[in-house]
Structure formats: structure tokens, C-alpha cells
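Naming convention: chains lettered A, B, ... in sequence-line order (proteins, then strands); numbering from 1 in each chain.
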Amino acid sequence: MRERLIIVGGLALFLLLFAYPVLRAAVYHTQTSAPQLRLTSQGSTCVAPTDYMRTSHMRLLSQWRTDVVRHGDRRFVAFNGKVYDKSLTRTCLGCHNKQQFCDRCHAYSGVSGPHCWSCHNDPQAATAKVMP
Amino acid sequence: MFLIEKAFVGSRRYWAWLGVLALFMFAALLDWIHEQQVGLAITGLSRDLPWGLYIGQFVFFVGVGASALVVVLPYYLHDWKAYAKITMLGEILGMVGVFMAMLFIFVSMGQPMRLINVLRYPHPNSLIFWDLLTLSGYVTLNAVIIARLLIAEREQSAPPRWTKLLILLSLPWAVGIHTVTAFLLCGLVARPYWMTALLAPRFLASAFTAGSALLVLILLLLKRLKLFDAGGEAIRKLTVTATYCLVVHIFFSLVEMFSTFYGGIPREVEHIDYLYGGLSGGSPITPWMWLSGALALAALLVLIVPALRVRPQLLLVACASAFISVWIDKGFGLVIGGYEPSPLGAVTSYVPTLPEWTVVAGIWALGAFLITVLYKIVLSVRQEAES
Amino acid sequence: MKITRKEFLELSGLSILGAGALRAVHAVKAAESAHANSLPSDSPKKQMALAIDLRKCRRRPGCNLCSQACHATHNVPHIADPRHEVKWIWNEGFASVFPLEQNGYTRRNYNGSPLPVLCNHCEKPPCVEVCPTGATWKRSEDGVVMMDWHRCIGCKYCITACPYGARSFNFSEPREALQQVNPDFPTRSLGVVEKCNFCAERLAKGEAPACVEACPEKAIVFGDVLDASSDVSKALDASYSIRRKPELGTGPNVFYFL
Amino acid sequence: MKNKPAIAFLIAATPACAGFTLALFPQARLPIAAAVAYAACCFFIVGIQSRVLRWANTPVPFRIPTTAGQQKSLAWIRPAKLDNPATGIAATGRMALEILCFRSLFRNTGARITKDRMIFRESLGLWLAAILFHWSFLLIFLRHLRFFVEPIPAFVFWLEKLDSPIDVGFPHLFVSDITFLAGVGYLCWRRFADPAVRYISLVSDYLALWLLLGIGATGVYMRYWGHVNVAGIKQFALGLATFSPTLPQGISPVFFAHLFLVCVLAVYIPSGKIMHGAGVWLSPTRNLANNNRAVRHVNPWNAPVKTHTYAEWQEENKDKLKSAGIPLEEDDV
């Protein structure tokens, strides 16, 4: 009888663990939708199409990093012929707010990002410390 | 029974010893994690002395690693039967020594998790690249040799021929690791103290001194604990090796001093002056350097007189003195002497902090742990074969 | 809505199959080029250099405006403990900088007057020679000795190799030691080495280094030393100059007028 | 069957092809993907529960633990506590070693014939591959919680950090990804390379491995090369967890292949060999203590056996025995 109890208990535990996401979502009334991201400045175009940026922005940034640091190449000619400065802080953060844009989506997707921000600055967040 | 499982069966004394070592290792791990979080500022290292105790220990233990040669070479090239039972113990000591050396490099790095970059972006002009390859190669080589010899011993069969080839390869390799380690230091225009062609030979002489002295100490300890008797012949021969190496080591040190002081170029003199005289300002290392010299001479006195070195108590003291002498000389003096004074003439006295000592003690404990476990396996295999 | 062909090739997932092979090829290439860079025989197109006129520096005792400007521009942390200091350009005593120029009878040894020192961007930099990852390298186009803080493993071998003490290690969290942050330049992370970059980010925009601009006496002149018409070449033509520790064969590119 | 691997491959490749095909028909994607996922989940849960309950209801009339060491007996004889567990705690210890460390695989030996004799030597390949694969799989499974839970619990990030100790920039390199593929890869290779193992391999053996390899390969591709819309995938996964599935635009076909392969695996698990995950807990040769000599175990449904002891017989024939002069056995009392 004792063995039965253990077995049934084990099965129940397994079920509970397996259903953890469902239970958690039910208890906390989780919203399924991804965060609605807003830009700080509207109207200007991004350096690449949205679909591309959504899936491959890290690859673009990595390429920029290599270009700028290793090759001193700072000009980025975009798909539409516009020229941008290859800079996370100056170019990307001109339109995208780190906290409102980058962080929210990364937090939602559980992508613990590379440690970009331990060196690269977020001008909006660091206003207190930023030079005039 | 399985080779690895032999390490899981042991007396209460064995487990207590491993437990104590594990405590030290654990403390070191916590300390190192802390060091990674707050930075190397908690060590005694500084802008002018970026390598300290860690790198000194690294150099010292590469030497201990290379010293496996002193038993492997006579046994395999000259067929010294007296070493039949201790060769494997020497090889284990060598492998563990180099492994510890690599850990010392690892803990001294600012971004150790990026170590893989050395292989991702290989730069053969850097000696660190070669050091990484030769050290890890040496550990692997010895691991394969030891495992294969051990299996052969358990099965009481002859090891395959390629084992012999690997052993022969390990001999120049042992010289190689310490030479590369010397090259790491002796080609730097910024550090006159290291920039001498005698550095690699000095390293080898001091390494074989410390290594053979350590092996004698371990053998004496094993005999005392009634775990293993190497036989008087093996210890006598090893003692003679230690003696000659010590003589050469002292000779090289004096030669170096002569050319430096007789030549008298200030930028070369001031490093040795700092170590032994404190550059007229006094330095925390000075008494230790004199102690190292005194210990070396004391060891020499005992070892060079046959009537003295056969007395077990004196032999113990002499080997311990030689070992500690080289440990101070290489583990502290070498690195500190290279950096003090700095290229700009500044002196920043270096005293290792508690976190540094904890990490060092932890790596020592890890080394002792590995040696205990591996010796346990070897000795159990032999016991089984005998019964 | 079209990415150019070149970018498409660069950025899209075409490298999947050849990733392994490419990595190996790149590694060999990088090793080769780094080796080539370290040789003095390799004739660079340009060699950026700095000439510092100490006669002008002496007009302003206690001046360290160049250092202030540089450190503010590059977010160099202010650390009080001299053992853990981070410095790109700073003042040093005369005897430390030019130990062989002291003859023991010099009454005016200029100790106490400003003498800025910085990375010499050597022709044959020992730091580049020893770096195991290529995190430090000499740029072939203008001879600037650069650092890649993404790649640095913090082994501190370069600090050991540099005969000028020009390199600093981040012993503690650098951001905590910054009162103000210049958003246009990154800070560094814990455990990497840093040094003067000859204002590579300003050179890219056609501007002179921050120290050059900050000097009220115009004591610092910057330019391509291989170009006879550059400011720095003209200054070197006009006066006798010395370099730090020329006997080591590193070929420093920071010149001093006494 | 001659082409066991090929058949298994066809079965395993089907969901991958289905995934890619589905990607071509945007309208059908959501209903089919959600239906398949839910169906697979139901199959998985119901299958496992019923299988385990069936085992639970199977009687174990005898205490039949396997033993591999000295049994607990007299005080001065040292028992092998773990290899011959005498108590429930010791049996639990042995189970824990088996489940967490795969101790029985660790003790694999390989026979080798030398010139004059046969030698048994440790053969750790299977153990190493198995332990790498299983632990990596667990880690990967737990890491996937980031897709199904919002906000993501902190321990998931801790696991990620633990799993990516080597800094190679980004995306972070997960060690478990490598060890998973290496482990499964070795297990596959072994089925081809070792004639003995090849001989006993069945379609289902290959099938399980192909599915795992396929899941690993598609997952690794998406992470390191494919650059998929991670937020979109999370939206879909979270939708499944909240029973309100949605499917954002622009999700890579590889994701559907990954999903369908997982679903097939989930359906296969309750009916195939992978049930050893549940079975290992319930194997009577492992989970029982060997106390047969210390404790009397009576099979509860045994029919009562009619016994007639000597004491009873002596009592009945006391007088006859006495008269015949045969001594009676006295009670010790």
C-alpha cells in the first residue's frame, strides 16, 4: 500500500512539474503577446528592414564591432543607400530606447544578452552621469 | 575492480585527509569566484606588479612538472632498475604539477572565461600560445602514458610499444615546457632581471632540484605511513640527483650574480639589489631571499657529504630545505625581482593578500588531492598484483 | 526593400556550412597579418606620431589639462589607489622618463614641471609581440597600436612587456570610478587592459587627438611622421628631439623637445 | 528487416518534412501546429501515467533484488552496504547512484583477447556518452522554460549562466548543446561501429536516436545560425501554455520541424524504450532492500498452506511415544 502511495505521488508530482507553465500562466494571468515596442523618434528609417533586424540584429552588431574595432571602418551603407555611423550608442540608440526597446524584448524572450552594456553607454539611462 | 573505484575505497585516515583537502579547495573556489566578481583589486597585485604569487607558483610548478624527467630518463634510457617502482609516481607528480601550473595561470587572468580566445585567434608570436599548447600537451601525454602503464600493470602484461614512444617523447617535452616558460619571461626588453639566456638553464636546474627533493620527501612520507617502500637504492640515487642539481642551481645563481654585479649596469643591478638589499629602502622580500640562500647552502652541506645524507632525519631536513629554498626563489623572488623597480623606477612593494593565499592554498590542496587519489590507485593495483 | 548583395553575403546565414573551414582560414590569416604587423620592415602607409614640446609645458607648472581632457573623453576611471590607477596620458618625473639623460650634475633637472607620458605607439611594439590573442595590434594603415577590449583575456602579459609603463589593468569595476560618462566612448569591463589609442575614434572623424586640442600652449603636435609636410615632421625638423628608451629598439613615436 | 536505420530515418524525417511543408501554407500553420502539439502532450501524459499505473498494479510477490556484494550478516563481517542494501535507505542510495550516475553502465566491461588469455577491462564509452547526453538533455529541457513561462524564473537564467562558462561572444555558447550532440552522436555511431550492438539494434533504437539528433540539430541550427524570431516563438509557446495559441508572422520553417520532431518523440516515449526513465524507479530488482533473511515476507495472496509441525504431531502421539520409551522434546520454556 505504501508503495502505491509513493508511485501515485510520484506520478502526481511529475504531472505537476510538467504542467508548471500552464499553472503558472493560469495563476498569474500571463499575457501571451510580446511586448509592444515603441521607438523614441518616429519617421526615420532603420539601417535594415524590420524582419531582418528582428532575427539578425546581433549579427549586424557583431559585424559592426569587427569593422569598427578591427578595421577602422565606420561607414555603413544601408539597403536604401543611406549612410550610417556604425555605432550602437550613437546610431541605434538614436531611435531605440534601451530600456523600452532592447531590454523589454530581451527580457521577454529570455535572451540574456551579451554584455554589451557593461561597456557601451545608454545615454538615456546615464543622464546623471553623462557629460553635457 | 575498476581503476577509478579503487580511489573510493579507503581507510578513515584516507577519507579524512581528502576531506581536509576538499575544504581548502572549496574555500579557494569561493574566494576565486569573489575575486572574479569584484576584480583583482582584492589581491596584492598592482599596476607595476601585475603578476605576483600566482605566476610565481605557475613557474615553480611547471618546474615540478618537468622534474618527472629525473626518474623517467634514468629508468627508460639507462634502465636503472632501482626506479622501476617509483617511475610512475614521478610521472604522476609531473602531470599534477603541470596541471596545477595551468590553474595558476587561469586564476591570475582578468577574463579567464575568454581563455579560448588564445585558440580562436592563435598568435604564434606570443609565448603564451606556445605555453598553453605545450603544457596541455604535456598533461595529456602523461595522462595517456600513466593510464596505459597502469592498465598494463594491473593485467600483468607488457604495455604496447607506442607507450614507449610516448615516454621517449615526454622527455624532450619536459625540457620543452620549462624552456618555453623561461622564454615567456627572458625575451622582454622591459625586464632586465629576466632578460638573460641563463634563465632557461637556471629554471631547469632549480626545477630538477625541487622536483627530486619533493619526490624524496614524498617517498619518505609514504614509507613512514607504511604505504609504500621505494627501497633504499631508489632514494639514494634520487638524493644524488638532487645533490648535483642543487650544485648546478647554486652555481648558475652565482654566475648570474657575478655578471650582473661585476658589470654593474644600474638597470640590471637594481633588481637583484631590491631582492637582497631592498634598494636601500628595505623591501618585504629581502629576509625571504636571504632565507632561501641560507636554506640552499644548508641543504648543499648535508647533501654533498655522503655520511650526512644517508641519515634519514638529516636527509629529510635537507630535502625540505632545498625544496623551500627553490620555492621562495622561484615562487616569489623571480617575479618580484623582475618587476621591482618598475621601468619607470618606481617601487610598489608587493605583499600577497589573504584571498591570494587562499586561492594558492586551494590549488596546492587540489594538487595534493590528485596525487593522493592517483597514488592510491597505483598502490592498490600493485597490492592486488602482489597478492 | 533590398539589402545590397555584399551585405547580404556578409550578414546572412551563408556561412553555415563553411563556418568551420572559414574559422581556420581566418585564424591563419590573422596570425600571418599580426606577425607581418609586428615587423619593422613592413612599411606602413602612415605612422601617426606625437611631438611634445616640454619647453612650452614648463610655462605652466602643475598643468595636466591634456590628461584631464583625454581621461574625460575616454571614460578613464579615476582611482585613488596608485596601485590600481588607470592612466592613458599623465605626468611623470623627469628621472623616471629619461633615466639616461640625468648626469648627476644637472642643477635644473626639470623634476616637478609637467612631463606628459603616454603609449608610444612603437614601430615594433613589444606588447603586440606578446599578446596571445591579437587583442592588441598595430594598425597597418596609420601605425596606431590598437586594443580590442572584446578580445582581451586579461593575462597582463602586455603590461609586463611594455618598457614604458603605458598600460593599465582594470583591477576594479571601472564604471564605479567614473563621475561622468562620455556617452560617445565606451567604458571598459573588469579585468581587461587599456591604454591610449591615439584617439582612433577622433582620427576617424578627421579630428586631432583630445590632448592636442586641450593644450593651451599648443605644446603637443600630432601628425603623420612619414609625411614630410605634416605638423609633426615640421616640428621635428625645427628642433632636436629625444625619445624614451631608444636603446630598446622599440621605435617610439612620441617625441620630446627638451 | 535489412534497412532498419533507413526505415527509422524515414519515420523520423517525416515530421521534419511536414514542418517544412507546413511553412508553405501560412493559413494552416497555427491550427495544425497547435493541434499536433496538444495531441502530443495528451498522448505523452496519458501514456506515461497509464504505463506507470500498469506497472504499479503488477504484483511483486517476491523480494528479488540483484546483489553484488557481501550481504549483511554477522557483526564482524563487513557488508557491502550499497551493493547489497539491507535497508530501505541503502536501497534508496543505490537507486540514487543508478539514476544520477548510471552506476551500472559505469561498471561495463569489455572483453579483450590477448595472446594467451582473455582480459576484462573497463569500457566507459557508453557510460560517458549516456551521462553526457542525459544530463545535457535535462539542462536543455529546463532552459526551454524561458519559452513557456513569463516572467522567466530566475533559476532559468542561473542555469543558462552555468551552461555557458566559455565566453565566445554571442550568441552564448551552451556547453550542453555540444555535449548533447556529442553524446547522441556517439550512441548512434556505436550502433553502426560495434557489430554486436548493430546486430541487436531495432528500428525503434535508431528511431529514438534519429529523433534526438534531429531535435538537437534543428535547435542548434536555430540558435547559432538560423537566427529565428525568438520573441515570436515564445509567443507561440506561451500561447500553448495559456490555451490561447497564436502564431506571429515570420517564423522559420526550421522551428516547425523542431516542434514536430519533439511531438513525435513525445508520442513515442510512452510506448518505447525511453520509458526506462520511469521504469528505473519501478524495477523490483533495484528498488527493494535485500532483507530476505532478516524479515519474513509473506506473499499476501498465497493460499493458506496446511501445516503439521512436529510439535503438534508429538502432542497427538504423546502417550504412544512415552510408552515406547522414546524421549520427548521439551519446550525450552
Just do the salt bridge (charged side-chain N to carboxylate O under 4.0 Å, His left out) check on C/Arg175 and C/Glu173 with the steps written out, would you?
CA-CA 6 Å; C/Arg175 276 197 179 172; C/Glu173 178 55 46; 5.6 Å; no
Counting only non-hydrogen atoms closer than 4.5 Å, does B/Leu45 touch chain C with its backbone (N, CA, C, O), its side chain (CB onward), both, or neither?
both
Highest number of heavy-atom pairs under 4.5 Å with chain B: which of C/Ser168, C/Ser172, C/Pro132?
C/Pro132
Chain C: which of B/Gln37, B/Gln36, B/Met109 shares the most heavy-atom pairs with it under 4.5 Å?
B/Met109
Determine whether B/Tyr54 and B/Thr43 make a side-chain contact, defined as any pair of heavy atoms from C-beta on separated by less than 4.5 Å.
yes
Please flag which part of B/Trp194 lies under 4.5 Å from any non-hydrogen atom of chain C: side chain, backbone, both or neither.
side chain
With ring centroids as reference points, do B/Trp51 and C/Tyr157 lie under 6.0 angstrom apart?
yes
Heavy-atom proximity to chain B below 4.5 Å, by part of C/Cys131:
backbone
Does C/Met146 reach the side chain of C/Lys138, with side-chain heavy atoms less than 4.5 Å apart?
no
Tell me, side chain or backbone of C/Pro99 under 4.5 Å from chain B's heavy atoms, or both, or neither?
neither
Evaluate whether atom CZ of B/Phe106 has more than 12 neighbouring non-hydrogen atoms of other residues, nucleotides or ligands under 6.0 angstrom away.
yes
Any Lys/Arg nitrogen of C/Glu85 or B/Arg47 sitting under 4.0 Å from an Asp/Glu carboxylate oxygen of the other?
no
When the 4.5 angstrom heavy-atom criterion is applied to C/Arg244 and chain B, the contacting part is side chain
Greatest number of heavy atom pairs closer than 4.5 Å to chain B - which of C/Pro126, C/Gly191, C/Gly249:
C/Gly191
Can you tell me which portion of C/Lys245 sits under 4.5 Å from chain B's heavy atoms? Options are side chain, backbone, both or neither.
side chain
Checking C/Phe169 against chain B: side chain, backbone, both or neither under 4.5 Å from a heavy atom?
side chain
Any idea how B/Phe203 and B/His178 line up, ring-wise: parallel (<30°), tilted (30 to 60°), or perpendicular (>60°)?
parallel
Which one, C/Val192, C/Leu248, C/Thr250, leads in non-hydrogen pairs under 4.5 Å with chain B?
C/Leu248
Under 4.5 Å from any heavy atom of chain C, what part of B/Leu49 do you find: side chain, backbone, both or neither?
neither
Donor-acceptor contact below 3.5 Å, side chain B/His123 vs main chain B/Phe129
no
Counting heavy-atom pairs under 4.5 Å with chain C, the top scorer among B/Leu184, B/Leu127, B/Asp48 is B/Leu184
For chain C, find which of B/Pro112, B/Ser108, B/Gly39, B/Ser126 contributes the most heavy-atom pairs closer than 4.5 angstrom.
B/Ser126
Using the six-membered ring wherever Trp is involved, compare the ring planes of B/Phe61 and B/Trp364 and label them parallel, tilted or perpendicular (cut-offs 30° and 60°).
perpendicular
If you count heavy-atom pairs within less than 4.5 Å of chain C, which of B/Thr348, B/Leu344, B/Leu188 leads?
B/Leu344
With a 4.5 angstrom heavy-atom cut-off, is it the side chain or the backbone of B/Val189 that approaches chain C, or both, or neither?
both
Is the ring pair C/Trp88/C/Phe185 parallel, tilted or perpendicular, if the boundaries are 30 and 60 degrees?
perpendicular
